[in-house]
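Let me begin by presenting the structure, written as structure tokens, before commenting on it.
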There are 2 protein chains.
Amino acid sequence: MRPTVIDIAREAGVSLATVDRVLNARPGVRDKTIRAVNEAIDRLGYVRDLTAANLARSRSYRMAVMLPDTESQFIQTLAAELTRAGSLAAASRVEVSVHRFPAEDPHALAAMLSALPEAEVSGVALMAPETPVLRDAIRGLRARGLPVVALVSDLPNTERDHFIGIDNRAAGRTAGVLMGRYLGRDPAQVLVLGESLLARDTIERRRGFDEVMLRDFPQVEALQTLETHGSATTLRQVVTEMLVNAPAVRGIYSLGGGYRALTQTLDELGLSGKLVVIGHELTPHARAALESGALTAVIMQNIGHLARSTLRVLRAKADRAVIDAGQEQIRIEIVLRENLPLSA
Amino acid sequence: MRPTVIDIAREAGVSLATVDRVLNARPGVRDKTIRAVNEAIDRLGYVRDLTAANLARSRSYRMAVMLPDTESQFIQTLAAELTRAGSLAAASRVEVSVHRFPAEDPHALAAMLSALPEAEVSGVALMAPETPVLRDAIRGLRARGLPVVALVSDLPNTERDHFIGIDNRAAGRTAGVLMGRYLGRDPAQVLVLGESLLARDTIERRRGFDEVMLRDFPQVEALQTLETHGSATTLRQVVTEMLVNAPAVRGIYSLGGGYRALTQTLDELGLSGKLVVIGHELTPHARAALESGALTAVIMQNIGHLARSTLRVLRAKADRAVIDAGQEQIRIEIVLRENLPLSA
DNA sequence: GCAAAAATGATGCACGTACATCAGAACGGT
DNA sequence: ACCGTTCTGATGTACGTGCATCATTTTTGC
């Protein structure tokens with residue numbers, strides 16, 4: 001049988017109340033006694049039963065997740081996965097509420113954060129660009145004792161407890177090295193597409209991509225980022241124009257999504273499968289394009305993992321428990337047709 | 001507040017005992033009453049609190065894992081990760097015992113399996129080649145009500161409940177496509193190294209590799225697998241001999257580990273960084289070789305994930321709970337220097 | 001050596017469910 | 001309407017820990 005607190009008390013020659021005080025770091029215990037209890041714990045190999053502990057605490061966790069109201073495939077999937085992870089975690093007393101804020105309005109987000117019902121929320125995850133207002137809002141949350149984690153895009157200069165996501169610069173480097181090696185030794189040009197030049201993740205990826213290109217593949221010229229503003233028409237227009245006028249273009253690097261418009265355009269130009277095309281995020285269209293050969297590789301982060309990790313980390317932070325770094329690290333995954341995951 | 005069984009009883013107009021009978025599918029409840037209770041459950045959105053349930057059941061799980069006694073880096077890491085995952089899971093009443101069996105003796109494994117203390121074990125995971133004896137042993141375990149999962153290498157023709165690992169053929173294809181594209185359009189030869197030609201995973205990888213090579217890269221010739229028997233001396237000998245005599249060799253595909261001897265040999269020949277070298281499993285030596293450029297890419301499965309997944313799946317099976325397929329799928333990961341994970 | 005302060009003990013309820021027992025109610029068949 | 005069977009209710013204990021209260025002991029400061 002597993003030892004319980006009662007066994008510890010007997011072994012250490014103290015009362016149950018004292019063991020409890022030691023276990024929960026409550027005041028009013030002499031150092032000597034603390035040591036005696038800890039030694040008993042070690043001797044018996046006691047491991048606190050979390051299920052019982054949580055039950056007794058009758059603690060439940062409500063995690064608030066703030067996402068921009070952008071309607072990109074990525075955000076939508078993330079929201080869905082968070083909700084799904086939340087419904088599975090309901091059995092462990094974790095509830096998730098996903099909130100959306102106007103993407104371009106940091107003040108609105110800050111207002112939402114300070115309006116969170118203090119007593120009912122035990123953790124906050126947010127995906128937002130770093131602004132002074134947000135920094136203050138996060139400091140306010142932390143002051144109220146709430147753990148805060150940055151999601152997808154880091155907030156390095158704030159007091160966030162943790163970052164859950166990938167290093168986008170490294171992701172860009174990864175895309176770069178694949179592009180460079182796939183293109184080979186001959187001189188070539190690469191088209192770079194981005195929805196918006198302002199998004200931090202896009203900038204970071206581009207920076208990583210260029211870094212590798214300049215260092216390892218001087219024969220490849222990465223052209224200036226073409227902005228599509230998320231519009232299929234714009235994308236088709238700029239891509240067509242570039243490809244018709246620049247025959248040296250042998251690769252396309254898409255910093256974001258927009259696979260449908262891109263593959264369609266390539267198809268129309270009769271170039272499907274003839275260029276090295278690398279993008280980010282494995283959307284359903286990206287899957288199809290990988291399978292057909294229109295898309296060469298996708299750099300992705302596992303969104304389901306992202307969602308589960310968020311809940312686990314927030315919970316661990318709320319409990320002041322340790323985090324399994326290995327489990328929570330989000331990998332920069334390279335997806336080819338050959339290693340396509342079976343499901344989303 | 002979350003509804004509890006008491007709320008359900010009140011809502012359905014029945015007693016707590018009846019709700020309990022319905023929840024746990026115990027006999028002695030009329031269909032009509034069952035329906036009434038289930039409707040109340042739906043109306044209130046009741047979710048059974050697993051922590052309380054398990055506590056009350058005072059249920060604990062002992063999972064037995066059977067691994068071959070091979071001393072490869074991979075197996076050792078797997079064993080370590082399983083133990084680690086087990087110590088973390090101890091807080092949730094899960095215990096893990098890792099057993100080793102003589103790699104070449106299926107009868108010994110079968111004997112160990114049938115000797116498992118029936119009442120004290122609630123799940124079995126095993127990594128072993130499929131043999132008739134093993135098939136029978138697994139059938140025996142299942143008959144005793146124990147869930148059985150295959151680990152790393154599948155046992156498709158047995159009654160195992162689940163397989164946790166990657167499709168090695170797809171992993172071989174992934175290595176193949178990287179090799180082919182990295183080598184470019186010029187004719188080239190590829191050296192293929194394997195520790196043993198008998199291991200099922202090795203065979204599958206080789207098959208996947210050849211499949212892609214023949215289909216997509218006819219200009220590349222994959223040479224016959226050179227057997228190293230896990231010996232550094234043999235490896236050095238065969239690799240040196242081949243590389244000196246065959247100047248057309250521009251790539252090396254290592255079906256298993258043995259990175260240290262390989263990079264050392266390449267170094268001696270002054271070929272470090274000049275060939276496309278692709279291998280499997282991210283050992284500490286592989287990390288170093290990736291960082292130095294001696295190794296081009298590694299195809300891996302996340303061993304920590306493997307271990308955690310094993311425990312989660314066994315537990316879910318023991319509880320007859322549903323499995324989150326997305327979370328349990330082990331990915332075929334491509335690791336380059338650019339997307340090296342921070343830790344193991 | 002005494003009072004005040006600090007440390008410890010004893011105890012009991014709470015958390016949400018599992019499970020067992022026994023009494024009593026509703027049911028179906030004759 | 002009677003009986004036996006099948007359902008249902010009422011109740012209590014248990015699981016391992018959290019947490020609070022109050023009594024008691026030990027330590028500390030002077």
Side-chain angles (χ1 to χ4, degrees), chain A residues 1-38 40-41 44-61 89-95 122 318-321, chain B residues 1-38 40-41 44-61 89-95 122 318-321:
Chain A
M1 278 302 288
R2 248 173 90 132
T4 75
V5 273
I6 300 179
D7 301 311
I8 302 300
R10 196 184 315 118
E11 174 80 12
V14 300
S15 78
L16 225 153
T18 302
V19 174
D20 178 66
R21 291 182 184 113
V22 173
L23 277 178
N24 296 289
R26 274 187 264 276
V29 186
R30 253 179 309 171
D31 282 359
K32 199 178 122 195
T33 316
I34 294 183
R35 248 176 288 124
V37 171
N38 282 327
I41 288 176
L44 299 187
Y46 167 79
V47 183
R48 185 213 228 93
D49 187 329
L50 268 189
T51 63
N54 286 328
L55 176 60
R57 226 189 302 254
S58 95
R59 160 143 214 185
S60 64
Y61 310 79
S92 340
R93 314 165 145 264
V94 175
E95 263 181 286
S122 33
D319 285 345
R320 288 185 177 68
Chain B
M1 279 303 289
R2 248 175 90 132
T4 75
V5 273
I6 299 180
D7 300 311
I8 302 299
R10 197 185 316 119
E11 174 80 13
V14 301
S15 79
L16 225 153
T18 303
V19 174
D20 179 67
R21 289 182 186 113
V22 174
L23 277 177
N24 297 289
R26 271 187 268 278
V29 186
R30 254 179 306 170
D31 281 359
K32 199 178 123 194
T33 316
I34 294 183
R35 247 177 288 123
V37 171
N38 282 327
I41 288 177
L44 298 186
Y46 167 80
V47 183
R48 185 214 228 94
D49 186 328
L50 269 189
T51 63
N54 284 329
L55 176 61
R57 226 189 299 255
S58 96
R59 157 143 214 184
S60 65
Y61 310 80
S92 335
R93 310 160 151 268
V94 175
E95 262 182 287
S122 33
D319 283 345
R320 288 185 176 69

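Order of the sequence lines fixes the chain letters, A, B, ..., with proteins taken first and strands second; residue numbering starts at 1 for each chain. Just so it is clear, the values below take in all heavy atoms, side chains as well, and ignore hydrogens, waters and symmetry mates.
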Could you go step by step and tell me if B:L23 and B:V19 meet the side-chain contact (heavy atoms from CB on, under 4.5 Å) rule?
CA-CA 6 Å; B:L23 277 177; B:V19 174; 4.0 Å; yes

Run the side-chain contact (heavy atoms from CB on, under 4.5 Å) check on A:R10 and A:I6 step by step: do they pass?
CA-CA 6 Å; A:R10 196 184 315 118; A:I6 300 179; 4.1 Å; yes

Given A:V5 and A:L16, is the side-chain contact (heavy atoms from CB on, under 4.5 Å) satisfied, shown in steps?
CA-CA 7 Å; A:V5 273; A:L16 225 153; 4.2 Å; yes

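Residues passing the side-chain contact (heavy atoms from CB on, under 4.5 Å) test with B:S122 are B:R59, B:Y61, B:M63, sequence neighbours excluded. Residues satisfying the side-chain contact (heavy atoms from CB on, under 4.5 Å) test with B:A91, not counting sequence neighbours, are A:V47, A:L50. The salt bridge (charged side-chain N to carboxylate O under 4.0 Å, His left out) check on B:R2 picks up nothing, with sequence neighbours excluded. Every residue two or more places apart in sequence or in another chain that forms a side-chain contact (heavy atoms from CB on, under 4.5 Å) with B:A53 is listed here: B:R48, B:R57. With sequence neighbours left out, A:R35 forms a salt bridge (charged side-chain N to carboxylate O under 4.0 Å, His left out) with no residue at all. Take B:R93 and apply the salt bridge (charged side-chain N to carboxylate O under 4.0 Å, His left out) test, not counting sequence neighbours, and it matches A:D49. Listed by chain and residue number, A:P3, A:D7, A:I8, A:E11 satisfy the side-chain contact (heavy atoms from CB on, under 4.5 Å) test with A:L44 (two or more places apart in sequence, or in another chain).
Once you apply a 4.0 Å limit to the heavy atoms of chain B, the touched nucleotides of DNA chain C run 5' to 3' over C:dG16 to C:dC27.
Residues B:N38 and B:Y46 form no side-chain contact, since every pair of their non-hydrogen atoms from C-beta on lies 4.5 Å or further apart.
Annotation: salt bridge (charged side-chain N to carboxylate O under 4.0 Å, His left out) contacts involving residues 12-28 of chain B, sequence neighbours excluded, comprise B:D20-B:R26.
Of all the residues in residues 6-15 of chain B, B:G13, B:V14, B:S15 reach under 4.0 Å from DNA chain D with at least one non-hydrogen atom.
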Polar-atom pairs under 3.5 Å, protein N or O versus N or O of nucleotides 26-30 of chain D: list them with distances, or write none.
none

For a quick check, with a 4.0 angstrom heavy-atom cut-off, what is the B/S/- contact string for nucleotides 18-25 of chain D, read 5' to 3'?
SB------

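No contact: A:R2 has no heavy atom under 4.0 Å from any strand.
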